[in-house]
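What follows is a set of notes on a single structure, which appears directly below.
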Number of protein chains: 2
Amino acid sequence: MKNRDSIPAATIERLPLYYRCLDKLSTFEEAEVVSSKDLGGKLGIPSTQVRKDLSYYGEFGRRGVGYNVVELRKSIGKILGVNKLWPAILIGAGNLGRALVNYQGFSKMGLEIVNIFDNDLNKIGNRVDSIEVKSINDLDEVINKKDINLAIVTVPANAAQEVVDDLVKYGIQAIWNFSPTRLYVPDDIFVRNEDLAVGIVSLIYHLSWQMQNEE
Amino acid sequence: MKNRDSIPAATIERLPLYYRCLDKLSTFEEAEVVSSKDLGGKLGIPSTQVRKDLSYYGEFGRRGVGYNVVELRKSIGKILGVNKLWPAILIGAGNLGRALVNYQGFSKMGLEIVNIFDNDLNKIGNRVDSIEVKSINDLDEVINKKDINLAIVTVPANAAQEVVDDLVKYGIQAIWNFSPTRLYVPDDIFVRNEDLAVGIVSLIYHLSWQMQNEE
DNA sequence: TAGATTGTTAATCGATTAACAATC
DNA sequence: TAGATTGTTAATCGATTAACAATC
């Protein structure tokens, strides 16, 4: 395997797509083997890119034949770390937070939300998908007791940095941030921003341009 | 302005960040002017990148001075098309769909969800944030009557393609897809996939690698 | 004028794609 | 052997960063 730091970020973003596609193939289809052309075709990715992406991690195929669906799925699962369940906490039991807790299919991707926190007294004690909402004051205890490394942040933008400071203090390593704000964290903490505003604006940009051209 | 097709996708993804930051600056801060260094600094983006991004669309600053906050906000808003409200429909009144409808701040980004659709008889007739959930059979009528071009798809993966085929048939131009599946659409329809599985897996990948290194 | 900062060209860096030997 | 497909090197393409003249 190559030095992990030199693997393109774009490759890492494509691996989950391969994984999910192979998972589907292994459940529903009968084919034992898939070629890079087939796999790429289903995802709109050139076969040469599929092979290149995989080559960063080893040799998984057989020349002249293709890739064994079940084996490749397993290999990618291991590379991604989704072969086990990673316990995570979610902070912010608003609409989005509740939606994520209820979201089916995360467990297939290695995520298990084990606790939910909020600072709203009206929400504390409620249950979301059978998980009780706890007070944000209990963060410390839960993170340490359950040895949690992953946190999902779905609080309003103005509360996010404060929450994240606590998370870092209590030992969280990776943060999935849904608040529309930039977070400041130490270098060794990994943050992924899921910025919905960027998503909608890029759509509107294209739409707006299309409309202008038509007129 | 440069030929719009030659503007990097990455630039278009950064414009909303500039826009939101300028919006904050114009509301809360007193400074009339901001430099590319200041603006970039707040977002973790090099000043040279900020200037380059803006340069695709024109000249917005004054040498030796910087950019007028209010003016630049307005200019970027116009470039992105968020200076007006774009009516959109949402299909799939599940948890995620309801979360998006309730999401504050979309209106600032030019999005207005005007109708919600579902095929579940138990949901049809309910209200989400004062918007009545309609039957998916009424899609055609609403799209045409209200001249809608933008649709948000939050239905399960196995229902997505069918819904999208209908949307395309009725004249939708741009689709924001939250279903974890690839959609097949004609070339002139713009689809943006908001794939949450990719998000969580990239976090788990980094976490998993970090853990391995520590052991 | 001196200091600051833009807008743009050129250099660098990184990712994608093409080509092809290896081999099933 | 002939056809198919991998894994990898080299070529291309695209995006970021550095450098600097223009100018406030």
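Values in this document were obtained by computation on a predicted structure and should not be read as measured data.
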Check salt bridge (Lys or Arg N to Asp or Glu O under 4.0 Å) between R51(A) and all other residues, then give those that pass, not counting sequence neighbours. none
Using a cut-off of strictly less than 4.0 Å, decide whether R14(A) has a side-chain nitrogen or oxygen near OP1 or OP2 of dT16(C). yes
Under-4.0 Å salt bridge between R20(B) and D195(A): yes
Interatomic spacing from NZ in K37(A) to OG1 in T48(A) - rounded to 0.5 Å: 13.0 Å
Length of the CG-P vector between D53(B) and dG14(D), whole Å: 17 Å
Once the angle between the rings of Y57(B) and Y205(A) is folded into 0 to 90°, is it parallel (under 30°), tilted (30 to 60°) or perpendicular (over 60°)? perpendicular
Would you indicate which nucleotide in dT5(C), dT8(D), dT8(C) comes nearest to any side-chain atom of S55(B)? dT8(C)
Dot-bracket, DNA chain C: Watson-Crick or G-U, under 3.5 angstrom, [ ] crossing, | other strand? ..||||||||||||||||||||||
Residues from residues 60-71 of chain A lying under 4.0 Å of DNA chain D - heavy atoms: F60(A), G61(A), R62(A), R63(A), G64(A), V65(A), G66(A), Y67(A)
Whole-Å gap separating P (dT16(D)) and CD1 (I7(B)): 13 Å
What I want to check is whether the side chains of N95(B) and Y103(A) have a donor and an acceptor closer together than 3.5 Å. no
Would you indicate which nucleotide in dT16(C), dT17(D), dT8(C) comes nearest to any side-chain atom of Q49(B)? dT17(D)
Whichever of E59(B) and P46(A) has the more 5' nearest nucleotide on DNA chain C, that residue is E59(B)
Hey, does the side chain of R51(B) come within less than 4.0 Å of dT6(C)'s phosphate (OP1/OP2), counting only N and O? yes
How about W86(B) and L207(A): do any of their side-chain heavy atoms sit closer than 4.5 Å? yes
Remember a base hit wins even if backbone is also touched, and classify T48(B) as base, sugar-phosphate or nothing at under 4.0 Å, heavy atoms. base
How close do I175(B) and L203(A) get, counting heavy atoms only, and between which atoms? O-CD2, 3.6 Å
Closer than 4.0 Å, any side-chain N/O of S36(B) to the OP1 or OP2 of dT5(C)? no
Exercise: do W176(A) and E194(A) side chains pair donor with acceptor under 3.5 Å: yes
